[in-house]
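Step one of this worksheet: look at the structure below.
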Amino acid sequence: MNDLVVREDLSVVTTGTQDFVTVKLAGQTLGIPVLAVHDVLNAQQITKIPLSADWVSGVLNLRGRIVTAIDLRSRLGLEPLGGEKKSMSVVVEHNDEPYSLQIDEVGEVLSLDDQLFERNPVTLDARWRDVSKGIYRLENELLAILDVEKLLAFETNTKAA
């Protein structure tokens, strides 16, 4: 059972924990709620879609279901993944459609205390701030929590950053 706690800054949080799949993108560690992740995939064969947005890599077949592959580096205005490295994917769902979010690598699953969750700091790069719900301060880095809804809100904007 979760309890409500009032912090020093007068924000109210529930006590409990949240589980996140961690991923890396351009050196930044991001967290995606475990319950939002349907699959984690190694590099897949992707079929290009003519005349699609530059951040749409194409589509892939996942157990008979067509999944749109989104190049997060391109979506966020980052440099392409260099060298021989192949991107991995995390499959999430938005508006009842599956999307494969192409990322650099998958980390671990972290269970984090709700009381440690913070709003995005003003010093956080705007690219991350625009698609992040907030952060957790880990031992050596910030974990930005990815807001999948904002990231995949294609109807309202064409580029998140």
(request) Quick one: pull up NZ in Lys86 and CD in Gln44 and give me the separation to the nearest 0.5 Å. (result) 11.5 Å

(message) Taking the basic N atoms (NZ, or NE/NH1/NH2) and the acidic carboxylate oxygens, is any pair closer than 4.0 Å for Arg73 and Glu79?
(response) no

(request) Say whether Ser57 and Gln102, considering side chains only, have a donor N or O and an acceptor N or O under 3.5 Å apart. (result) yes

(request) Please report the C-alpha distance between Asn120 and Ile135 in whole Å, then the side-chain angles of each, then the deciding distance to 0.1 Å, and finally whether the side-chain contact (heavy atoms from CB on, under 4.5 Å) criterion is met. (result) CA-CA 6 Å; Asn120 288 323; Ile135 59 128; 3.7 Å; yes

(message) Working to the nearest 0.5 angstrom, can you tell me the gap between His94 NE2 and Leu101 CG?
(response) 11.0 Å

(request) Please check if Val56 and Val67 belong to a single hydrophobic cluster, counting links between Ile, Leu, Val, Met, Phe, Trp and Tyr side chain heavy atoms closer than 4.5 Å. (result) no

(message) Nearest 0.5 Å, please: how far is CG in Leu41 from CG in Leu60?
(response) 7.0 Å

(request) For Arg65 and Pro98, work out which heavy atoms get closest and say how close. (result) NH2-CD, 3.5 Å

(message) As a test of understanding, state which of Asp71, Val40, Leu72 forms a side-chain contact (heavy atoms from CB on, under 4.5 Å) with Ile103.
(response) Leu72

(message) So for atom NZ, which belongs to Lys24, do other residues, nucleotides or ligands contribute more than 12 heavy atoms lying within a distance under 6.0 Å?
(response) yes

(message) Please say yes or no: joined through hydrophobic side-chain contacts below 4.5 Å, possibly via intermediate residues, are Val23 and Leu78 part of one cluster?
(response) yes

(message) To check you understand the geometry: which heavy-atom pair defines the closest contact between Thr17 and Asp113, and what is its length?
(response) CG2-CA, 4.1 Å

(message) Within the 3.5 Å criterion, strictly below it, is a donor on Asp19 or Ser111 matched to an acceptor on the partner's side chain?
(response) yes

(message) I need the minimum non-hydrogen distance between Val122 and Arg129, along with the two atoms involved.
(response) O-NH1, 3.0 Å

(message) Is there a side-chain contact (heavy atoms from CB on, under 4.5 Å) between Ile70 and Trp55? Walk through the geometry before answering.
(response) CA-CA 6 Å; Ile70 306 296; Trp55 39 264; 3.9 Å; yes

(request) Sequence neighbours left out, what pairs pass ring pair (Phe, Tyr, Trp, His ring centres under 6.0 Å) with at least one residue falling in residues 131-152? (result) Phe20-Tyr136, Phe117-Tyr136

(request) Could you tell me whether the side chain of Thr22 reaches within less than 4.5 Å of the side chain of Ile32, counting heavy atoms only? (result) no

(message) Can you list everything that forms a salt bridge (Lys or Arg N to Asp or Glu O under 4.0 Å) with Glu97? Sequence neighbours excluded, please.
(response) none

(message) Would you say Ile49 ends up clustered with Ile46 if hydrophobic residues are merged whenever their side chains have heavy atoms under 4.5 Å apart, either directly or through other cluster members?
(response) no

(message) Arg75 vs Asp54, test: salt bridge (Lys or Arg N to Asp or Glu O under 4.0 Å). Steps then yes/no.
(response) CA-CA 8 Å; Arg75 177 85 171 123; Asp54 61 345; over 6 Å; no

(message) For a quick test of reading the model, state the closest non-hydrogen atom pair linking Lys133 to Asp147 and the distance between them.
(response) CG-CB, 3.6 Å

(request) Kindly give the cluster partners of Leu81, where membership spreads through any ILVMFWY side chain lying under 4.5 Å from a current member. (result) none

(message) side-chain contact (heavy atoms from CB on, under 4.5 Å) for Lys150 and Asp130? Distances and angles first, verdict last.
(response) CA-CA 8 Å; Lys150 275 187 186 176; Asp130 289 345; over 6 Å; no

(request) Work out which heavy atom in Pro121 is nearest to a heavy atom in Leu142; give both atom names and the distance. (result) CG-CD1, 4.4 Å

(message) I want to check something: taking the side chain as every heavy atom from C-beta on, are Leu146 and Val131 in contact at a cut-off of under 4.5 Å?
(response) yes

(message) With clusters defined by side-chain heavy atoms of hydrophobic residues (ILVMFWY) lying less than 4.5 Å apart, directly or transitively, does Trp128 cluster with Val148?
(response) yes

(request) Compare every heavy atom of Val37 with every heavy atom of Val92, then report the nearest pair and how far apart it is. (result) CG1-CA, 4.5 Å

(message) Starting from Met88, can I reach Val91 by hopping between I/L/V/M/F/W/Y residues whose side chains sit under 4.5 Å apart?
(response) no

(request) Show the numbers, then the answer: is there a side-chain contact (heavy atoms from CB on, under 4.5 Å) between Asp114 and Gln18? (result) CA-CA 7 Å; Asp114 288 340; Gln18 298 291 321; 2.9 Å; yes

(message) To the closest 0.5 Å, what do you measure between CG (Leu152) and CD (Glu93)?
(response) 11.0 Å

(message) Using 0.5 Å steps for rounding, measure from the CZ atom of Arg127 to the OG atom of Ser132.
(response) 14.0 Å

(message) Less than 4.5 Å apart, side chain to side chain, heavy atoms only: is that true for Gln28 and Leu30?
(response) yes

(message) Test side chain to side chain donor-acceptor pair (under 3.5 Å) on Glu141 and Thr29; report intermediate values, then the result.
(response) CA-CA 8 Å; Glu141 62 187 338; Thr29 304; 2.7 Å; yes

